[in-house]
Amino acid sequence: MGDRYYSTSTAFLEALAEAGIRYMFTNLGSDHPGLIEALAQARVEDRRSELPELIICPHETVALSAAHAYAAVTREPQAVLVHVDSGTQNLGGAVNTAARGRVPVLIFAGGAPFTIEGELPGSRNEFIHWVQDVHDQRGILRNYVKYDNEIRTGRNVKQLVHRALQISATEPAGPVYLVGPREVMEEELEPYPVDASSYRPVEPAALSAGVTGEIGRALARARNPLIVTGYLGRHPEAVPELEALCELLAIPVIESAPHYLNFPADNPMHNGYQWTTQDQNPVLAEADVILALDCDIPWIPVTSKPARDAEIYCVDIDPIKSEISMWHIPARRFAAADSRLALPQITAHIRENNLVDEALVEERRADVTARHHAQRAERDQREVPDNGAITPQYLAACVRDALADDDPLFLSEAITNYEVVAEHLRVNRPGGLFASGGGSLGWAGGGAVGAKLAAPDRTVVCLVGDGTYLFGVPSSAQWVARRYQTPALTVIFNNRGWRAPKFSALAVHPKGAAAENDDFNVSFEPAPDYPGIAAAAGGAYAANVTDPADLPRVLREALAEVHGGRSAVVAAYLPGV
Ligand SMILES: Cc1ncc(C[n+]2csc(CCOP(=O)(O)OP(=O)(O)O)c2C)c(N)n1
Ligand SMILES: [Mg+2]
């Protein structure tokens, strides 16, 4: 071995750099002396810039959420480094969210040293090494990762990192987990090269000719075709392809529980959004041919479903959804394909075979366009305060108007106001609106940091519920934002509590004791000073707004601060839960 410190840890970091990873969202511990030394050694050798930059996150939820949003914006895999079992557990629900959001993230945690008498460098020398030695550290994340493994030697750590990243980035993308015990991470090595370019993610899949023709014919002959999608827009290039097909045949689109911008809000073929609803969606009910395209929850059968005889096709990068224990839609055909390829295939098939019935299509185009405008008109009417109170619709409209001349990148974690946010922001730009895709709240806090690092020229704006703001560990997220100069505007839909569990209880027990007595245990009164947390932790501009008339001015001031490099948090007081 040479004089210079070169260990498994050095090779691990080099492999991340070779894979194009720029940042490591990190929380450190007693498992990381090798990594800390390797990074310091690189600085001494003037090679620090060749290795990824550390983004220190005082809470792991923030680290993984930041990596998640960065990956969602760029589609490039990210790295998160955490501390043994404890740091892994502190990732908490963000792992569910990264898995359900299908984002490529490599999570690394050290493992407790396995020697106790100094047999190897890195052997136990702190009391905590006994405490952190658990049966199955990798099992903590096995419910949520596509791949997990232990680094057993430095001799092939680069191959292991590249393989893990290849699996993570291959669609359906998702988190992967590597664990490296201390002695292994300290193992000294000779540097060695690996050809990172031989670990590219698997190429996207196209539809077979047979299925292309079947779907093309079905859509072309339908009276009321419909496309339902949720995450097609993870590839912004797929959005114009969807527009091309929908415009050719005048097919309406519903975005169902979307976590990307899948279809421009102003396209007249946009026929609305759906999340949890109590009412049947009429667009869904009247459809005779439905294409569920990159969509996890195209409808909720108990409250809103297609007609019994609707002809359904499922084209998805993950059409069987084996990670969701119970899942089914009554489709005639399930096909695994990348919508960037499948959509132009279907469009070309329809064109080349002259399948367009012009009269039918033009009649339908008028109907679909009319419904689009009717929906828009109805929403416009609701963009006003209610008896002197800020309404969610008015708030979302004010945010939209404040950013009219900007290039915003919105993160929505607005929970019972998801629909309001999507309807009233009216985002058109692919890659302009993101949600987590997961079920664990608190993503947007760290997510804003990752989104701003990924898109430094854009104005990052988060719209969150008050409960969700707290789940995002704002003390940590806002500190990271200041430290790494990633300013964002956070707008809190402050209804002073958790409205969602109240709605859940009402949907199951509409006339129960909780409903009769308005006894739901969801109120946060007396409400915390939410923006004050951000001011204390990250020096953010902080404002609480109760008067609707103040909102446009406060948002303008807040955005001026953000453009000047300082985060801003504005909590708008809505009617209480
Ligand atoms: C980590 C986590 N804990 C608990 C829940 C359950 N949950 C779902 S929505 C919700 C309330 C969210 O409150 P808020 O952000 O204020 O939105 P609101 O319901 O008021 O619109 C809770 C607690 C969850 N989804 N994730
Ligand atoms: Mg709330």
Side-chain angles (χ1 to χ4, degrees), residues 59-65 68 88-101 140-141 143-144 257 259 273 275-278 296-297 300 324 389-396 399 410-425 435-448 461-477 490-508 514 518 520-531 533-534 544-546 569-577:
H59 197 288
E60 292 83 349
T61 287
V62 173
L64 182 51
S65 300
H68 176 150
T88 301
Q89 288 184 301
N90 248 15
L91 294 167
V95 183
N96 157 296
T97 297
R100 288 299 187 231
I140 299 170
L141 293 194
N143 232 335
Y144 303 99
H259 39 119
Y273 307 85
W275 275 267
T276 298
T277 152
Q278 300 306 314
D296 282 335
I297 309 126
I300 299 174
I324 301 176
I390 299 171
T391 61
Q393 291 83 357
Y394 174 71
L395 174 57
V399 172
F410 291 109
L411 304 183
S412 172
E413 207 173 13
I415 317 303
T416 58
N417 288 304
Y418 271 132
E419 204 155 336
V420 167
V421 163
E423 287 180 350
H424 295 270
L425 287 184
S436 75
S440 186
L441 305 183
W443 165 80
V461 180
C462 298
L463 300 101
V464 297
D466 54 324
T468 294
Y469 176 75
L470 291 181
F471 279 122
V473 199
S475 52
S476 176
T490 299
V491 177
I492 301 176
F493 285 63
N494 184 7
N495 53 18
R496 295 169 302 291
W498 294 337
R499 194 163 65 144
K502 172 175 172 173
F503 282 1
S504 303
L506 281 171
V508 181
D518 192 15
F520 296 95
N521 297 289
V522 293
S523 164
F524 278 9
E525 299 284 5
D529 174 9
Y530 297 114
I533 299 171
N544 288 285
V545 187
T546 51
V569 178
V570 175
Y573 275 60
L574 307 173
V577 284

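Only heavy atoms go into these numbers, but all of them, side chains included; no hydrogens, no water, no symmetry mates. Everything quoted here is computed from the prediction, not taken from an experiment. Counting convention: from 1, in listed order, for ligands and their atoms alike.
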Show the numbers, then the answer: is there a side-chain contact (heavy atoms from CB on, under 4.5 Å) between Tyr469 and Ile533?
CA-CA 10 Å; Tyr469 176 75; Ile533 299 171; 4.2 Å; yes
Proximity winner for atom 18 (P) of ligand 1, if only heavy atoms of Arg499, Glu413, Arg496 are counted
Arg499
CG of Leu441 to CD1 of Ile415, rounded to nearest 0.5 Å, is 4.5 Å
Would the distance check show the side chain of Glu423 and the main-chain N or O of Tyr273 forming a donor-acceptor pair, the cut-off being under 3.5 Å?
no
Of all the atoms in ligand 1, which lie at a distance below 4.0 Å from a heavy atom belonging to Gly467?
13 (O), 14 (P), 15 (O), 16 (O)
First locate atom CD of Gln278, then atom CG of Leu506, and finally report the distance between them rounded to the nearest 0.5 Å.
9.0 Å
Leu463 vs Leu425 side-chain heavy atoms within contact, under 4.5 Å
yes
Minimum non-hydrogen distance to atom 26 (N) of ligand 1, winning option of Val464, Val577, Thr468, Leu441
Leu441
Distance from atom 16 (O) of ligand 1 to nearest protein heavy atom, with residue and atom:
Asp466 OD1, 2.6 Å
For atom 13 (O) of ligand 1, what is the closest protein heavy atom, and at what distance to 0.1 Å?
Trp498 CD1, 3.2 Å
Min N/O separation Gly439 to ligand 1 under 3.5 Å
yes
When you measure from atom 22 (C) of ligand 1 to the protein, is at least one non-hydrogen atom found at a distance under 4.0 Å?
yes
Report yes if some N/O of Asn417 lies less than 3.5 Å from some N/O of ligand 1; otherwise report no.
no
Candidates Phe471, Phe503, Phe524; heavy atom nearest atom 4 (C) of ligand 1 found on Phe471
Hey, is Asp466 close enough to Arg499 for a salt bridge, meaning N to O under 4.0 Å?
no
Which atoms from ligand 1 have a heavy atom of Ile415 less than 4.0 Å away?
9 (S), 15 (O), 17 (O), 19 (O), 21 (O)
Checking distances from the Mg ion (ligand 2), one finds that the N, O or S atom of Asp466 closest to it is OD1
Quick check: does Pro501 get an N/O under 3.5 Å from an N/O on ligand 1?
no
Enumerated ligand 1 atoms positioned under 4.0 Å from heavy atoms of Ala500
9 (S), 19 (O)
Using the Mg ion (ligand 2) as the vertex, how large is the angle between OD1 of Asn495 and O of Gly497, rounded to 10 degrees?
90°
Ile140 and Val95, any side-chain heavy atoms less than 4.5 Å apart:
no
Heavy-atom check, side chain of Leu574 versus side chain of Pro392, under 4.5 Å:
yes
Measuring only between side-chain heavy atoms, which start at C-beta, is Ser412 closer than 4.5 Å to Tyr418?
yes
Ring centers of Phe524, Trp498 separated by less than 6.0 Å:
yes
Report yes if Ser440 has an N/O atom closer than 3.5 Å to an N/O atom of ligand 1; otherwise report no.
no
